[in-house]
Amino acid sequence: MTPVLEQTTEMNLLYDFYGLLLTERQRTLLELYYHDDWSLGEIAEHQGVSRQAVFEAIKRAQATLTDLEEKLGLLQKHLKRQKIAEELLQRLEEMPEARAIVKPFVSELVDID
């Protein structure tokens, strides 16, 4: 995965976990930039502000999301649960009956977030 794609994926995941803690303006900017794939110039024109203002606001929102993750660690815990669930299901491949019984519980555990 390219660094840009990795950053986009990480920001989208952080947004999923912490987006409601951002201001409405920050959410709008991040949604336009990451979800809708608008350029900084397009966002600036749409918002009636400079490209630099959009860039700085997005950077602040990114910093807020990163700071929340450093303090709360919800994304890392989620990813760890997913990894454990995948490993568990993989090990149950040789036991189809047990896998059929356990799989719904594993899915529910991962989907708690």
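In this text, all values refer to a predicted model and were calculated from it rather than measured experimentally.
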For a side-chain contact (heavy atoms from CB on, under 4.5 Å) check, start with the C-alpha distance between Val102 and Met95, then their side-chain angles and the critical distance, and finish with the verdict. CA-CA 10 Å; Val102 172; Met95 299 176 269; over 6 Å; no
Minimum heavy-atom distance [X]-[Y], with the two atoms named:
X	Y	value
Leu29	Ala57	CD1-CB, 3.4 Å
Ser50	Ala53	OG-N, 3.0 Å
Leu20	Arg27	O-NH1, 3.8 Å
Leu72	Lys77	O-NZ, 3.6 Å
Gln82	Val110	CG-CG1, 3.5 Å
Leu65	Gly19	CD2-N, 4.4 Å

Mind checking whether Leu92 and Ile84 sit in one hydrophobic cluster, side chains of I, L, V, M, F, W, Y counted as touching below 4.5 Å?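 They do not share one cluster, since no chain of ILVMFWY contacts under 4.5 Å joins Leu92 to Ile84.
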Same hydrophobic cluster for Ile101 and Leu109, using side-chain heavy-atom links shorter than 4.5 Å among ILVMFWY?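 No, because Ile101 and Leu109 fall into different hydrophobic clusters, even though each may have its own neighbours under 4.5 Å.
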Please determine whether side-chain contact (heavy atoms from CB on, under 4.5 Å) holds for the pair Gln7 and Gln62, giving the CA-CA distance in whole Å, both sets of side-chain angles, and the decisive distance to 0.1 Å. CA-CA 10 Å; Gln7 181 189 15; Gln62 290 170 330; 3.5 Å; yes
Kindly indicate, with the supporting measurements, whether the criterion side-chain contact (heavy atoms from CB on, under 4.5 Å) is fulfilled by Tyr15 and Glu31. CA-CA 9 Å; Tyr15 182 86; Glu31 287 172 9; 2.2 Å; yes
Rounded to the nearest 0.5 Å, what separation is found between the [atom1] atom of [X] and the [atom2] atom of [Y]?
X	Y	atom1	atom2	result
Glu42	Gln47	CD	CD	12.5 Å
Asp37	Thr8	CG	OG1	8.0 Å
Met11	Asp16	CE	CG	12.0 Å
Leu14	Leu21	CG	CG	11.5 Å

For residues Glu86 and Gln90, is any side-chain donor paired with an opposing acceptor at under 3.5 Å?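 Side chains of Glu86 and Gln90: no pair found under 3.5 Å.
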Using a cut-off of 6.0 Å, state whether more than 12 heavy atoms not belonging to [X] lie near its atom [atom1].
X	atom1	result
His35	NE2	yes
Glu87	CD	yes
Tyr33	OH	no
Glu6	CD	yes

If we only count heavy atoms from C-beta on, is the Arg81 to His78 side-chain gap below 4.5 Å? yes
With a 4.5 Å limit on heavy-atom distance, are the side chains of Ile58 and Leu40 in contact?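 Answer yes - side chains close enough.
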Given 3.5 Å as the limit, does a donor-acceptor pair link the side chain of [X] with the main chain of [Y], or not?
X	Y	result
Glu69	Leu74	yes
Tyr18	Asp67	no
Gln76	Gly73	no

Given side-chain contact (heavy atoms from CB on, under 4.5 Å), test Lys103 with Arg99 step by step and report yes or no. CA-CA 6 Å; Lys103 187 174 181 178; Arg99 180 177 166 79; 4.1 Å; yes
